Visitor: 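Have a look at this one before I ask anything.
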Amino acid sequence: MLLFASTILLSAFLLFLVQPIIAKQILPWFGGTSAVWITCLVFFQVVLLAGYTYAHVITRRLSPRRQSQLHIALLLASLLFLPIVPSAALKPAADADAALRIIVLLAVTIGLPYFLLSTTGPLLQKWVAPNFPEKSVYRLFALSNFGSLLGLLAFPFAIEPFSTSTTQTWVWSAAYALFVLACAISAWRVGGRSASPHIVAFDTAPAASAPVPETPTAAFEATGPAPRAVDYLLWLAFSVLGSVMLLASTSHITQNIASVPFLWVLPLSLYLLTFVIAFEGRGGRGWYEQNWWLFITLMLIVGMAAGLSASRGVLDVGLAVPLYTIGMFMSVLFCNGELAHRKPAPRYLTHFYLTISLGGALGGMFVGLLAPRIFPTYLELPLALVLLAGLAIVVAWRNRWLVGPAIVASLATLWYAGEYLTFMRNDVVFMERNFYGTLRVREQGTGDLQVRRLLHGVILHGEQYTIHADRLEPGTYYARTSGVGRAIAAKQAAGQVRIGVVGLGVGTLSAYGRAGDAIRFYELDPDVLKLARSHFGYLNASPAALEFALGDARLSLERELAQGKPQKFDVLAIDAFSSDSIPVHLITREAIRLYMQHLAPAGVLAIHISNRFLDLKPVLANIAREEGLQARLVSDHPPDPASMTDWVLIAASPEAFTAESLSVAETIEPTPGFSLWTDQFNNLLDVLKSSPVEEIKRLFSE
């Protein structure tokens with residue numbers, strides 16, 4: 001039992017530790033968008049389903065000796081995948097299907113090792129089940145999820161801050177080799193005992209007329225009735241909704257805040273914790289009870305639904321993260337707690353695990369692959385909340401006092417979901433969704449004051465008057481008094497300029513272009529370029545020579561440098577936003593080094609850091625100090641509060657800031673003790689602006 005339990009614990013630890021390790025490595029290749037992590041989760045869930053299916057099939061169809069031989073052969077073959085380093089040859093081209101490329105990349109890099117790790121829990125539990133009571137077998141499931149939780153939490157707190165990505169992959173690969181040894185020994189012991197009456201093909205029931213032998217296996221076979229069709233349907237429903245809640249909540253947080261590993265790991269860790277709570281404790285029955293647990297969950301479901309359209313669609317990070325992570329946790333605990341109360345006898349445990357993994361994979365594929373293709377906007381979370389509230393009514397019939405609150409919560413959730421749909425469609429003249437999120441064009445106002453806005457989710461990415469006399473004047477974040485506007489003016493005063501822009505938006509910065517100037521845009525999403533040309537007029541009216549490079553900007557800039565084509569920009573503006581902040585890989589030390597190589601000798605790097613949630617000034621100030629660069633802050637406060645901006649300007653020497661237009665730029669002092677952000681390490685918690693208490697006070701004061 002100790003060997004089997006240790007192998008299960010190690011496999012679960014490695015199974016979930018590898019997820020943030022590999023996802024963070026490929027995140028910069030796909031623009032730093034939250035969809036990368038969601039697509040990774042879909043891959044992991046589908047492979048987990050394949051692993052559970054494998055365990056279910058071979059324990060039904062093969063003798064223990066054959067099971068042992070097959071599994072050991074696959075374990076040895078999986079060593080050929082080590083070390084798990086993504087190949088640079090798999091970096092995406094500009095026109096590649098990002099979701100498909102991520103799945104192929106993961107399959108080639110960690111496919112077979114991840115598959116075998118996913119088989120370990122159900123397979124070894126099935127092997128050990130005949131010799132141990134029911135509660136011990138299902139406690140192994142809780143142990144497996146505890147190991148997974150340890151693996152996830154180890155990454156941000158014990159691994160990421162102290163090691164490089166290369167070190168992480170090599171250490172993980174060495175630990176996987178140790179797992180292969182332990183699992184092979186476990187399989188060999190099962191195969192070597194194939195003649196024992198205690199280890200048989202577990203799903204082969206005795207004939208109805210045959211006497212039942214008095215052996216541990218016979219007792220194991222006879223324990224509990226076979227699951228009914230309704231049991232399978234409920235297992236599937238709860239597991240699907242639990243998976244959808246995990247991915248939809250994670251997507252909501254990372255799309256509207258920031259796509260960083262901490263915000264990946266936090267929801268997934270809580271998701272795994274629900275399995276531990278549901279399947280561990282009190283004689284194997286778990287700690288979940290309906291009563292007040294479900295009542296609290298119903299209140300959180302309503303709160304999450306209300307938060308979708310509150311405060312212009314985005315709550316402050318200090319309230320949004322706790323609300324949606326705790327709400328997700330309680331919602332998934334409801335689903336998994338009900339699963340634990342409906343678990344079958346150990347004889348049917350692979351049926352149970354297979355159904356759960358099928359539900360997880362279906363939920364993941366719905367959120368990660370299907371929803372972006374069938375929904376015009378982000379509807380997964382409100383839909384999941386409505387379905388959860390409805391399912392709670394059905395479940396609450398066992399506790400009649402909960403039926404009333406469940407009905408009220410269901411109606412309230414449905415109403416708030418309708419409010420969210422109204423909010424998303426209000427004044428919209430165009431809406432489209434793709435891998436990177438939802439793009440909406442809203443038209444508001446009348447006459448000369450009519451304005452057209454581009455929004456990614458609920459984040460403004462540029463606007464333009466439709467018929468106003470100043471419709472071609474740069475506004476919002478790019479006004480002439482902004483940091484980037486002042487930097488461009490300083491360079492244009494000396495003659496023709498070459499400008500680089502990372503992040504197209506509606507093409508506002510092309511309004512600065514004059515005849516003889518050149519502006520090169522780097523844009524991740526091809527649909528943004530189409531909208532900028534079809535619904536906005538900046539690009540079409542600019543007299544400057546415009547160039548466009550599609551795909552992740554950092555990859556494009558790296559390729560240009562490798563080809564011996566430094567761009568020699570007089571001004572390089574970094575204005576790419578994923579969620580409400582710049583993707584982390586665009587503001588690390590390595591990224592700044594790359595940008596400086598593309599600047600002219602006296603060029604200026606302008607980085608847009610305006611953000612409701614994060615204070616990124618110390619990040620750039622410390623990088624500038626480390627690299628021997630000069631950093632200045634230009635804060636613009638126009639009459640319209642929505643157009644207030646913070647731009648950090650970075651240059652090789654102080655002489656770059658001597659122009660009159662840059663006299664307002666303020667020196668940023670490095671923050672002592674603040675961590676240096678690199679490709680290997682960054683910490684979102686260091687730059688949060690507010691706390692949950694502060695945000696709640698603000699909401700009540702409005």
Side-chain angles (χ1 to χ4, degrees), residues 9-30 32 34 36-41 43-44 47-48 78-91 102-103 105-118 120 146-182 250 254 258-269 272 554-555 583-591 675-686:
L9 184 65
L10 178 59
S11 70
F13 180 83
L14 295 176
L15 185 73
F16 278 81
L17 175 60
V18 75
Q19 295 186 17
I21 286 177
I22 200 74
K24 186 176 181 181
Q25 289 186 56
I26 68 173
L27 181 67
W29 298 2
F30 298 89
S34 63
V36 175
W37 175 242
I38 301 302
T39 306
C40 288
L41 283 181
F43 172 84
F44 298 139
V47 177
L48 191 68
S78 70
L79 294 174
L80 298 175
F81 282 72
L82 303 182
I84 53 162
V85 179
S87 171
L90 294 174
K91 289 184 177 181
I102 290 172
I103 291 172
L105 189 156
L106 293 174
V108 171
T109 306
I110 60 169
L112 187 55
Y114 195 88
F115 169 78
L116 288 168
L117 288 170
S118 70
T120 307
F146 177 69
S148 301
L149 181 61
L150 285 180
L152 274 178
L153 294 179
F155 180 77
F157 298 113
I159 295 175
E160 185 186 23
F162 308 109
S163 61
T164 65
S165 294
T166 301
T167 301
Q168 293 166 21
T169 55
W170 278 99
V171 172
W172 187 95
S173 299
Y176 179 79
L178 178 63
F179 156 76
V180 167
L181 176 62
T250 303
T254 55
S259 184
V260 294
F262 175 76
L263 290 180
W264 303 342
V265 170
L266 178 61
L268 187 54
S269 299
L272 292 173
R554 187 165 159 181
L555 287 181
V584 168
H585 74 287
L586 294 181
I587 51 173
T588 62
R589 178 179 60 185
E590 293 83 353
S675 58
L676 183 68
W677 280 28
T678 69
D679 287 348
Q680 310 297 335
F681 173 78
N682 40 78
N683 190 351
L684 175 70
L685 297 179
D686 286 346

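The figures that follow rest on heavy atoms only: side chains count, while hydrogens, waters and symmetry mates do not. Just so it is clear, the model here is predicted, and its values are computed rather than measured.
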Visitor: Where do Phe155 and Gln168 land on the side-chain contact (heavy atoms from CB on, under 4.5 Å) test, with the steps shown first?
Guide: CA-CA 9 Å; Phe155 180 77; Gln168 293 166 21; 3.4 Å; yes

Visitor: Determine the minimum heavy-atom distance between Leu15 and Ser118, stating which atoms define it.
Guide: CD1-N, 3.7 Å

Visitor: Is Glu590 reaching over with its side chain to a backbone N or O of Asp679, donor-acceptor style, under 3.5 angstrom?
Guide: yes

Visitor: Please report the shortest heavy-atom distance between Thr166 and Thr169, naming the atom on each side.
Guide: O-OG1, 2.7 Å

Visitor: Do the side chain of Arg554 and the main chain of His585 share a donor and acceptor less than 3.5 angstrom apart?
Guide: yes

Visitor: Kindly indicate whether the side chain of Pro20, heavy atoms from C-beta on, has any atom under 4.5 Å from the side chain of Ile159.
Guide: no

Visitor: Looking at side-chain heavy atoms only, is the closest gap between Phe81 and Thr109 below 4.5 Å?
Guide: no

Visitor: Flag the pair Thr39 / Leu106 as yes when at least one side-chain heavy-atom distance between them is below 4.5 Å, and no otherwise.
Guide: no

Visitor: Spell out, as yes or no, whether a donor-acceptor pair under 3.5 Å connects the side chain of Trp172 to the backbone of Leu14.
Guide: yes

Visitor: Identify, with sequence neighbours excluded, every residue that meets side-chain contact (heavy atoms from CB on, under 4.5 Å) alongside Ser148.
Guide: Ala12, Phe16, Leu272

Visitor: Where is the tightest heavy-atom contact between Ala177 and Leu79, given as atom of each residue plus distance?
Guide: CA-CD2, 4.2 Å

Visitor: Find the distance between OG1 (Thr120) and CG (Leu10) and round it off to the nearest 0.5 Å.
Guide: 9.0 Å

Visitor: Is there a side-chain contact (heavy atoms from CB on, under 4.5 Å) between Leu80 and Leu112 once you walk through the steps?
Guide: CA-CA 9 Å; Leu80 298 175; Leu112 187 55; over 6 Å; no

Visitor: Atom CG of Leu117 and atom CG of Leu17: how far apart are they, to the nearest 0.5 Å?
Guide: 10.5 Å

Visitor: Working to the nearest 0.5 angstrom, can you tell me the gap between Leu48 CG and Phe115 CZ?
Guide: 10.5 Å

Visitor: Decide yes or no on side-chain contact (heavy atoms from CB on, under 4.5 Å) for Ile84 and Leu82, but give the supporting numbers first.
Guide: CA-CA 5 Å; Ile84 53 162; Leu82 303 182; 4.2 Å; yes

Visitor: In terms of the angle between their ring planes, are Phe43 and Tyr114 parallel, tilted or perpendicular, with boundaries placed at 30° and 60°?
Guide: tilted

Visitor: To the nearest 0.5 Å, how far apart are CH2 in Trp37 and CG in Leu27?
Guide: 10.5 Å

Visitor: Do the ring planes of Phe179 and Tyr176 sit parallel (below 30°), tilted (30 to 60°) or perpendicular (above 60°)?
Guide: tilted

Visitor: In Å and rounded to the nearest 0.5 Å, what is the CD1 to CD1 distance from Ile102 to Ile22?
Guide: 12.0 Å

Visitor: Does the side-chain contact (heavy atoms from CB on, under 4.5 Å) test come out yes or no for Val180 and Ser78, once each step is laid out?
Guide: CA-CA 9 Å; Val180 167; Ser78 70; 4.1 Å; yes

Visitor: Is any side-chain heavy atom of Leu268 closer than 4.5 Å to one of Phe44?
Guide: no

Visitor: Measuring from atom CG of Leu266 to atom CG of Leu153, what distance do you get when rounded to the nearest 0.5 angstrom?
Guide: 9.0 Å

